[in-house]
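Here's the structure, in structure tokens; my notes come after.
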Amino acid sequence: MVARVRIPDVVRRGQPFDVRIAIQHVMETGFRFDDSGRTIARNVIHTLVARYDGVEVYRAELGSGIAANPYLQFWITAPASGVLELSWIDDAGVAGSERVPVTVRD
Amino acid sequence: MAADTPMKGRRRDVLALALAGGSGLLPLLPPGAAQAQMPTAPPPLGSGYALLVPKATQGAPVRAGRVTVDAPTLADNGHSVPVRIVVQSAMQPDDHVRSITLLSDRNPRPVIMKAWLGPRAGRAELATRVRLNGTQRILALAEMSDGTWWSGEADVVVTESACLDGS
């Protein structure tokens, strides 16, 4: 799964900064039908977790009400430089993750 | 032109037939059938939350306030509507937002998303893009670290529902 993660160029110690993530995913609702009239199985990214140096800082449970190619923005603070790891999984069991190094400035 | 005359006559005949057929059919319909086919008025905005909110909060009381839902007043397309939720909170270890839930009372699955955050978030704010099944009032719930629940809402007029193509 292709995903783009953006964080600000400058991250200050203890100051909240925003994380923006966009994942390429159909977010199939399970309410649509294919050409032969069969239901297309639901397949959405149901969980996304953000960890900073291994500590969970944000978790989101998503449903079919989230638009295709889900975009999420949230805030975290960094006490020190480290690695922000975002991981997610969809109904088909396909998981994805992104690692973003964060350099904290005073 | 001579060729026009039979054409005009034929068109009039067809119209006359259609009118006669139409007026002949109408008495067959039971009285009140025309009214029955009129679309019924939609329920008032946000009327579905009386049932949905207690389910989301597990019965905890909810107070209005501290939550701002920012969404466009008019969305041309229900497939992707930007929504921003901001909760007033100091976001300190002893006073922070524990979770934010976004609900829709007209979507087939009412819980659009639920996010868990903590004092590490620093700011109780999130943004995403949602699907909306028609004009409605969307509602956001915030659970604080002291166990209280707060809510905020926004009305969105959706011109084209996300569910028109069955999605």
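Each chain gets a letter, A, B and so on, in the order its sequence line appears, and its residues count up from 1.
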(message) With a 4.5 angstrom heavy-atom cut-off, is it the side chain or the backbone of S104(B) that approaches chain A, or both, or neither?
(response) neither
(message) With rounding to the nearest 0.5 angstrom, report the CG to CZ distance, N133(B) to F31(A).
(response) 9.5 Å
(message) For the interface with chain A, which of K114(B), R84(B), R123(B) has the highest count of heavy-atom pairs at distances below 4.5 Å?
(response) R123(B)
(message) For A121(B), is there any backbone N or O sitting under 3.5 Å from a side-chain donor or acceptor partner on T77(A)?
(response) no
(message) Taking 4.5 Å as the heavy-atom cut-off, does anything in residues 52-70 of chain A contact chain B, and if so which residues?
(response) Y52(A), V55(A), V57(A), Y58(A), R59(A), A60(A), E61(A), L62(A), G63(A), S64(A), G65(A), I66(A), A67(A), A68(A), N69(A)
(message) Quick check on R99(A): does its CZ atom have over 12 non-hydrogen neighbours (other residues, nucleotides or ligands) under 6.0 Å away?
(response) no
(message) Hydrophobic clusters here meaning ILVMFWY residues chained together by side-chain heavy-atom distances under 4.5 Å, can you tell me if V130(B) and V157(B) are in one?
(response) no
(request) Specify which of V19(A), I40(A), L72(A), D18(A) makes the most heavy-atom pairs with chain B at under 4.5 Å. (result) L72(A)
(message) For E153(B), give me all partners under side-chain contact (heavy atoms from CB on, under 4.5 Å), at least two apart in sequence or on another chain.
(response) R137(B), L139(B)
(message) Tell me whether M91(B) shares a hydrophobic cluster with M144(B), the cluster being built from Ile, Leu, Val, Met, Phe, Trp, Tyr side chains joined at under 4.5 Å.
(response) yes
(request) Starting at CZ of R129(B), measure out to CE of M27(A) and round the result to the nearest 0.5 Å. (result) 12.0 Å
(request) Indicate, with yes or no, if V97(B) and F17(A) share a hydrophobic cluster defined by side-chain heavy-atom contacts under 4.5 Å among Ile, Leu, Val, Met, Phe, Trp and Tyr. (result) yes
(message) Test of understanding: clusters of I, L, V, M, F, W, Y form through side-chain heavy atoms closer than 4.5 Å, transitively. Do W88(A) and I7(A) belong to the same one?
(response) yes
(request) Tell me, for V26(A) versus chain B, whether the close heavy atoms (under 4.5 Å) come from the side chain, the backbone, both or neither. (result) backbone
(message) For the backbone of A127(B) and the side chain of R20(A), can you confirm whether one donor and one acceptor N or O come within less than 3.5 Å of each other?
(response) no
(request) Determine, using the 4.5 Å side-chain heavy-atom cutoff (strictly less than), whether M113(B) and V69(B) are members of one ILVMFWY cluster. (result) yes
